[in-house]
Every structure is written in structure tokens, then in C-alpha cells.
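What follows is a single structure, written as C-alpha cells, with notes after it.
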Amino acid sequence: DNAPPTDPEVQIVPDPAHTNDDLLAVITTPATDPDGDAITYLYTWYVDGVLHSTGTSDAVLATDTSKGQLWRVDVVATDGVWESATASDDIVISNTPPSIETVDIAPDSPSTDDALTCGYTGFYDLDDDPDNSRYA
């Protein structure tokens, strides 16, 4: 008789995950097979409850994710005949902080009587959030 593998445990990393992070399903507790058969893991990814069409490996590329999405991975261990119970983990994609290229303060060599002005160029936000920059 062939017995099924034990149930694995899985975790999605990194946690938290941002829109510029690849997601990786890490087996935190490996399955074992009582018969000594080789074990293969099968991965299924879901985004907001919908099957992700290309999600059959242990990773999802950052280019496939967006801020606010709920990602879940289901993993089963198989010995080629039997499958374990499904292990799952989920994570919500967090906002990635915006960036700016340069900050300028004028004048370049101020005296104590000069008023200083500050400006910036190259605002970029991976999540396409609006520029709500403010000076402090």
C-alpha cells in the first residue's frame, strides 16, 4: 500500500510585500512520505480570489502584482499517487513609497538674509499614486 505524504506548511515572503517585490512561496514545514517516495510540490496562486493564469511555480513576479491585491498560494505535496491536504498562505500587496530624483535648494550660497526656496524633479510612484508632496 502507498500512503499519502504528510501536510506541508507554506509562507509567502517577503512579508510585508510591496508592488516592487516578487512573491515567493517558502515551504516552512516540508512534507514527508511514509513510504520514502520522492515528493513534489504543486503551487496554485490566486489574486483577489481568482486563479492566476501563470501561477504554477513557487514565485510570482512583482510585475504581476498591484497595491491592495490579496494574493493567496495553495500548495499540495504529492508522491505521484497521493496528495497531501492543501496548505495556504495569503498576503495583501502594500504601497511602495514614491521617489524623487533631485532636490534643489536656492540660492546655492545663501547669506543669513536670503530666503531659501526648495524644489524637486523626477517624482516617480510605482503605484501610480498622485504627487501629494509637501515641504516640511
Side-chain angles (χ1 to χ4, degrees):
D1 280 327
N2 188 349
T6 61
D7 301 340
E9 292 183 16
V10 65
Q11 180 181 5
I12 298 172
V13 295
D15 186 4
H18 298 87
T19 48
N20 59 344
D21 292 321
D22 294 336
L23 303 180
L24 182 63
V26 175
I27 303 298
T28 56
T29 302
T32 59
D33 188 86
D35 307 310
D37 296 331
I39 292 176
T40 302
Y41 295 100
L42 307 175
Y43 300 87
T44 308
W45 290 88
Y46 298 86
V47 57
D48 295 329
V50 177
L51 180 66
H52 184 250
S53 62
T54 61
T56 58
S57 74
D58 64 346
V60 170
L61 297 177
T63 53
D64 290 342
T65 70
S66 296
K67 174 181 75 172
Q69 291 177 327
L70 173 65
W71 280 84
R72 184 183 89 223
V73 65
D74 290 348
V75 179
V76 295
T78 180
D79 63 6
V81 177
W82 294 98
E83 292 183 354
S84 68
T86 301
S88 297
D89 192 28
D90 58 49
I91 197 163
V92 174
I93 304 301
S94 298
N95 183 57
T96 300
S99 63
I100 55 175
E101 280 183 28
T102 60
V103 175
D104 299 310
I105 298 174
D108 288 335
S109 300
S111 69
T112 56
D113 295 333
D114 289 337
L116 300 177
T117 58
C118 182
Y120 63 91
T121 59
F123 175 86
Y124 176 73
D125 189 272
L126 188 64
D127 304 305
D128 293 324
D129 293 329
D131 181 353
N132 292 322
S133 301
R134 59 185 182 277
Y135 301 94

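- Among all heavy-atom pairs drawn from Pro8 and Ser84, the shortest one is CD-OG, 3.3 Å.
- Across every non-hydrogen atom of Asp33 and Ile39, the tightest pair is N-CD1, 3.6 Å.
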message = As a quick check of understanding, evaluate side chain to side chain contact (heavy atoms under 4.5 Å, CB included) for Asp35 and Trp82, giving each step before the final call.
response = CA-CA 11 Å; Asp35 307 310; Trp82 294 98; over 6 Å; no

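- Under the side-chain hydrogen bond (donor to acceptor under 3.5 Å, both in side chains) criterion, Thr44 pairs with no residue, sequence neighbours left out.
- Ala106 pairs by the side chain to side chain contact (heavy atoms under 4.5 Å, CB included) definition with Thr117, not counting sequence neighbours.
- Partners of Trp45 under the ring-ring contact (aromatic ring centres under 6.0 Å, His included) rule, at least two apart in sequence or in another chain, do not exist in this structure.
- Under a hydrophobic-cluster definition in which Ile, Leu, Val, Met, Phe, Trp and Tyr are linked whenever side-chain heavy atoms come within less than 4.5 Å, directly or via other members, Phe123 and Val103 are assigned to the same cluster.
- To the nearest 0.5 Å, atoms OG1 (Thr29) and CG (Asp7) are separated by 10.5 Å.
- Ser88 pairs by the side-chain hydrogen bond (donor to acceptor under 3.5 Å, both in side chains) definition with Asp74, not counting sequence neighbours.
- Residues passing the side chain to side chain contact (heavy atoms under 4.5 Å, CB included) test with Ser53, sequence neighbours excluded: none.
- Note that the OH atom of Tyr43 and the OG1 atom of Thr56 stand 11.0 Å from one another [nearest 0.5 Å].
- Checked by atom type and distance alone, the side chain of Tyr41 pairs as donor or acceptor with a backbone atom of Ala31 at under 3.5 Å.
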inquiry  = side chain to side chain contact (heavy atoms under 4.5 Å, CB included), that's the test. Do Asn95 and Thr19 meet it? Break it down for me.
reply    = CA-CA 7 Å; Asn95 183 57; Thr19 48; over 6 Å; no

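- Under the rule for a side chain to side chain contact (heavy atoms under 4.5 Å, CB included), the partners of Gln69 that lie at least two apart in sequence or sit in another chain are Val47, Asp48, Thr65, Ser66, Trp71, Ile93.
- With rounding to the nearest 0.5 angstrom, the CD1 atom of Ile12 is 9.5 Å from the CG atom of Leu24.
- Distance CG/Asp104 to OH/Tyr120: 12.0 Å, rounded to 0.5 Å.
- Residues Asp89 and Gln11 approach most closely at OD2-CA, 3.3 Å, considering heavy atoms.
- Ile91 CD1 to Arg72 CZ: the interatomic distance, rounded to the nearest 0.5 Å, is 14.5 Å.
- Checking side-chain atoms of Asp22 against main-chain N and O of Ala62 turns up a donor-acceptor pair under 3.5 Å.
- Side-chain atoms of Thr96 do not come within 3.5 Å of backbone N or O of His18 as any donor-acceptor pair.
- A donor-acceptor contact closer than 3.5 angstrom is absent between the side chains of Thr40 and Thr78.
- Listed here is the closest heavy atom pair of Ala77 and Pro5: O-CG, 3.7 Å.
- In this structure, the separation between CD on Glu9 and OG1 on Thr28 is 5.0 Å, given to the nearest 0.5 Å.
- Grouping the Ile, Leu, Val, Met, Phe, Trp and Tyr side chains by contacts below 4.5 angstrom, directly or via other members, places Val13 apart from Tyr46.
- Closest approach of Val76 to Ala85, counting heavy atoms only: CG1-O, 4.1 Å.
- Annotation for Asp79 and Val81: closest pair OD1-N, 2.8 Å, computed over non-hydrogen atoms.
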